[in-house]
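These numbers come from the heavy atoms of this one structure, side chains and all, not from hydrogens, waters or symmetry mates.
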There are 2 protein chains.
Amino acid sequence: MAQTTNVAHLLKRLGDHAHRRLAVLLEPLGLRPRHLGLLALVEEAPMAQLDLARAVGVAPSVVVDMLDELDALGAVRRVRDRADRRRQLVELTDAGRALHRKANARLADVETEMIAPLSPSAANALRKALTTLAAQL
Amino acid sequence: MAQTTNVAHLLKRLGDHAHRRLAVLLEPLGLRPRHLGLLALVEEAPMAQLDLARAVGVAPSVVVDMLDELDALGAVRRVRDRADRRRQLVELTDAGRALHRKANARLADVETEMIAPLSPSAANALRKALTTLAAQL
DNA sequence: TATTGTTATACTCTATAACTATA
DNA sequence: TATAGTTATAGAGTATAACAATA
């Protein structure tokens, strides 16, 4: 059967598994996988919401919801931009920084779990290949 | 940033890309990615709908919809089981067999596209690693 | 007029529950 | 009563469109 060995199909199956697994591990933190991209961006520097939406590739209305959730966790703060009072600069709180660190540890856990059956060199080759493929997206 | 090199995250991103790409390539055939699993199962032997649902891991009501779509394409036929008249045995038509062959070719195309940046040996290592990981799901 | 963030609405995908026909 | 298939309904997740405040 073509599907079981086709790389595209394998990537989809494994990617979905990784996503479900990450959702389970993040749940105790009150986070979901989709929050991680936002946290990573805001960790670097405060950012306007529409810029976040563009960077993450998701609709602005969805970013509003996600930020509401992160706000409820005390992980981010919306600060009105005084230069342009339409914009909200989203910045990470100290609690948000700690939360992001924990979330990244859970993400690392998923990787560790998943690559467990591979030899170190095979795991390395996998990471390298995936990184190469992701670079062309 | 952890996400760009984390294997779990890379798998998710690449899997989603593969899925979107496959959807585009299947669209001219009137198929969507989720139909492929059904076609592959029914290609081997006629199967009852609930068995299909269990095999694909999707709700029976969803299988009904998918089969309606495949039926509308003339790809499958529901045949009442004479031993147990509650069951419908789903079988592939000749047109369905041809369609399945084309669909698998499109799936192979997605793989070819995606692994293009890799050397043959790297592509081989990738396929082997993914197959190993998928085996433990 | 155009843009930022927000709200309202709709669409896709899937699951759960209620229904029918057979057993 | 239990099971196979179906229909109806509801829940995530996301996108599009309309809106208020500001530029």
Residues at least two apart in sequence or cross-chain that pass side-chain contact (heavy atoms from CB on, under 4.5 Å) with A/Ala103, listed by chain then number, are A/Leu26, A/Leu29, A/Leu31, A/Leu36
Per the under-4.0 Å heavy-atom filter, residues of residues 77-85 of chain B near DNA chain D come out as B/Arg78
What residues form a side-chain contact (heavy atoms from CB on, under 4.5 Å) with A/Val42, not counting sequence neighbours? A/Leu52, A/Val90, A/Leu92
Residues two or more places apart in sequence or in another chain: which of them pass salt bridge (Lys or Arg N to Asp or Glu O under 4.0 Å) with B/Arg86? B/Asp84
Give me the bend of the helix from C/dT1-D/dA23 to C/dA23-D/dT1, using the axes of the five pairs at each end, rounded to 10°. 30°
Quick one: which residue pairs count as a salt bridge (Lys or Arg N to Asp or Glu O under 4.0 Å) with a foot in residues 119-137 of chain A, not counting sequence neighbours? A/Glu111-A/Arg127
For A/Glu91, check salt bridge (Lys or Arg N to Asp or Glu O under 4.0 Å) against everything at least two apart and list the hits. A/Arg77
Partners passing side chain to side chain donor-acceptor pair (under 3.5 Å) against B/Asn124 (at least two apart in sequence or in another chain): none
Side chain to side chain donor-acceptor pair (under 3.5 Å) filter on A/His35, not counting sequence neighbours, yields A/Glu69
How many whole angstroms separate atom CG of A/Asp65 from atom P of D/dT14? 10 Å
Taking salt bridge (Lys or Arg N to Asp or Glu O under 4.0 Å) as the cut-off, I'd like each qualifying pair that reaches into residues 47-59 of chain B, sequence neighbours left out, listed once. B/Asp51-B/Arg54, B/Asp51-B/Arg87
For C/dT16, does the base pair up with any side-chain atom of B/Ser61 as donor and acceptor (N or O, under 3.5 Å, distance only)? yes
Measure from the side-chain heavy atoms of A/Val64 and tell me the nearest of C/dT7, D/dA4, D/dT22. C/dT7
Give me the residues of residues 46-57 of chain A where at least one heavy atom lies under 4.0 Å from an atom of DNA chain C, by number, or none. A/Ala48, A/Gln49, A/Leu50
Would you call A/Lys12 and A/Asp16 a salt bridge, using N to O less than 4.0 angstrom? yes
For B/Asp65, enumerate each residue passing the salt bridge (Lys or Arg N to Asp or Glu O under 4.0 Å) test, keeping only those at least two apart in sequence or located in another chain. none
Heavy atoms under 4.0 Å, any strand shown: does A/Val63 hit a base, just sugar-phosphate, or nothing? nothing
Check if the side chain of B/Arg86 and the base of D/dT3 share a donor-acceptor pair of N or O atoms closer than 3.5 Å. yes
